[in-house]
Amino acid sequence: TDKDSGMFFKNEKEKCFAYLAHTACDNNNFILDFHITPGNIHDSVAFSDLYKKIKNNSNQHTTAIAIDAGYITPYICKTLLDDGIIPAIPYKRPMTKKGFFKKYEYVYDEYYDCYICPENQILRYSTTNRDGYREYKSCGYQCEKCPQISKCTESKNHVKVITRHVWEKYIEKAEDIRHVRGNKAIYQKRKETIERIFGTAKEYHGFRYTQYIGKARMEMKAGLTFACMNLKKLARFLGKNGLLNGQKRRFLRNFWIQFNFKGKNGAGMIPAPSLSTV
């Protein structure tokens, strides 16, 4: 592989060198912008560059953004909420070892700045690490005698540690917004907009595999493809609303036919990105 691509892990069985196309579209399914990264770059890392592009190039104020689970981080939630944008997020399953207490089962006491475990023992603030997470620790000699310790921690000193990001309240606020009436419908529009774009790009425009090596070439391919997909949509919109004369209609119809080809997958090509969105 070249230096611009990276190993992409979809699951334990699917590992490949790939690129990711982080893409944004509006409510009418027009592609606003995109950002290409190597496959080993996490979605949340690529968010900032794409968001800045949209923010700088758009003349309209965005009221809500539907993002998938890969973009749910304290920084992203804080950025959107500070800009007055509603983050429409999905339910994210707790990443806890099977058979252990989930983090939400430890109650956070905001007034005393501590956590209370299911056995009503206190986990007090200890320190803040360099990644911005506050660490709360239990008392080892109390936990050693706890009947629920097998569901709580496997540490040798019997100390349970819970981390809380300094911007954790923004994730909690976004989670509260998720339950507000109407926000679930905003998130569900992803399957009608950005997911449809990804399906079309993969099925008809060769985005399952790429013939190009190098991030710059991938940006060129994605930019031209997305621009033409926008033109296709614009042609259909204008045609349906009777805003085209005969000559323009024939031109756009020919453009539609020529560009609406079915992409072919060739041997030896680098697998294309598992597309992500904001």
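For the numbers below, each heavy atom of this structure counts, side chains included, while hydrogens, waters and symmetry mates do not. Heads up: numbering here begins at 1 and tracks the sequence.
- Counting only heavy atoms from C-beta outward, the side chains of I72 and P90 approach each other to under 4.5 Å.
- A distance of 8.0 Å separates CD1 in I197 from NZ in K233, rounded to the nearest 0.5 Å.
- Clustering ILVMFWY residues whenever any of their side-chain heavy atoms sit less than 4.5 angstrom apart, transitively, puts I31 in the very cluster that holds F198.
- Scanning for salt bridge (charged side-chain N to carboxylate O under 4.0 Å, His left out) contacts around E192 gives K189, with sequence neighbours left out.
- Annotation: the span from Y212 atom OH to M218 atom CE amounts to 9.5 Å, rounded to 0.5 Å.
- Of all the heavy atoms in T73 and I171, the pair that sits closest is C-CD1, 3.8 Å.
- Checked by atom type and distance alone, the side chain of T96 never pairs as donor or acceptor with a backbone atom of F100 at under 3.5 Å.
- Taking V45 as the reference, I41, H42 meet the side-chain contact (heavy atoms from CB on, under 4.5 Å) condition, with sequence neighbours excluded.
- Heavy atoms from other residues, nucleotides or ligands lying under 6.0 Å from OH of Y91 number more than 12.
- To the nearest 0.5 Å, atoms CE (M95) and CZ (R93) are separated by 11.0 Å.
- Atoms NZ and NE2, from K221 and H205 in turn, are 9.5 Å apart once rounded to the nearest 0.5 Å.
- Residue I67 is grouped with residue Y75 when hydrophobic side chains (ILVMFWY) are merged at heavy-atom distances under 4.5 angstrom, including chains of intermediate members.
- Taking 4.5 Å as the limit, some side-chain heavy atom of D68 sits within range of a side-chain heavy atom of D43.
- For the pair Q211 and Y209, the minimum side-chain heavy-atom distance is 4.5 Å or more.
- Residues K169 and E175 are not paired through a salt bridge, judged by the lack of any N-O separation under 4.0 Å between the basic side chain and the carboxylate.
- In this structure, the salt bridge (charged side-chain N to carboxylate O under 4.0 Å, His left out) partners of D82, at least two apart in sequence or on a different chain, are K78.
- In this structure the side chain of Y170 never reaches within 4.5 angstrom of the side chain of P74, judged on heavy atoms.
- Counting only residues at least two apart or on different chains, no salt bridge (charged side-chain N to carboxylate O under 4.0 Å, His left out) pair has a member in residues 116-132.
- Remark: I177 engages L81, I86, P87, K173, N183 in a side-chain contact (heavy atoms from CB on, under 4.5 Å) (not counting sequence neighbours).
- Sequence neighbours left out, not one pair with a member in residues 22-31 passes salt bridge (charged side-chain N to carboxylate O under 4.0 Å, His left out).
- Of the inter-residue distances, the one linking D176 atom CG with H179 atom NE2 reads 7.0 Å to the nearest 0.5 angstrom.
- The salt bridge (charged side-chain N to carboxylate O under 4.0 Å, His left out) search around E135 returns none, not counting sequence neighbours.
- Applying the salt bridge (charged side-chain N to carboxylate O under 4.0 Å, His left out) test to residues at least two apart or on different chains, the pairs with a partner in residues 95-116 are K97-E154, K103-E168, D113-R134.
- In terms of modelled atom types and a separation under 3.5 Å, the side chain of S138 and the main chain of K160 share a donor-acceptor contact.
- In this structure, F226 has its ring center at least 6.0 angstrom away from the ring center of F30.
- Contact of the F47 side chain with the L80 side chain is registered, since non-hydrogen atoms from C-beta on lie closer than 4.5 Å.
- Taking a 6.0 Å sphere around NZ of K137, one finds it holds 12 or fewer heavy atoms contributed by other residues, nucleotides or ligands.
- In the hydrophobic cluster analysis, where Ile, Leu, Val, Met, Phe, Trp and Tyr join through side-chain heavy atoms closer than 4.5 angstrom, F207 is grouped together with I213.
- For the ring-ring contact (aromatic ring centres under 6.0 Å, His included) test, residues two or more places apart in sequence or in another chain that qualify with H165 are Y133, W167.
- By the rule that hydrophobic residues join a cluster once side-chain heavy atoms approach within less than 4.5 Å of another member, Y187 and I65 end up as members of separate clusters.
- Using modelled atom types and a 3.5 Å distance limit, the side chains of T37 and H22 yield a donor-acceptor pair.
- Within the 3.5 Å criterion, the main-chain N or O of A21 finds a donor-acceptor partner in the side chain of T23.
- Under a 4.5 Å side-chain heavy-atom criterion applied to ILVMFWY residues, the cluster that includes Y112 comprises Y111 as well.
- The shortest distance between side-chain heavy atoms of P94 and Y104 falls below 4.5 Å.
- In this structure, I162 shares a hydrophobic cluster with F101, Y106, Y108, Y115, L123, Y125, Y136, the cluster being traced through Ile, Leu, Val, Met, Phe, Trp and Tyr side chains under 4.5 angstrom apart.
- F34 approaches A222 most closely through the heavy-atom pair CE1-CB, 3.8 Å.
- Surrounding CZ of R217 are at most 12 heavy atoms belonging to other residues, nucleotides or ligands under 6.0 Å away.
- Pairs passing the salt bridge (charged side-chain N to carboxylate O under 4.0 Å, His left out) check and including a residue from residues 46-56, sequence neighbours excluded, read K55-D83.
- The distance from the CD atom of Q121 to the SG atom of C146 is 7.5 Å, given to the nearest 0.5 Å.
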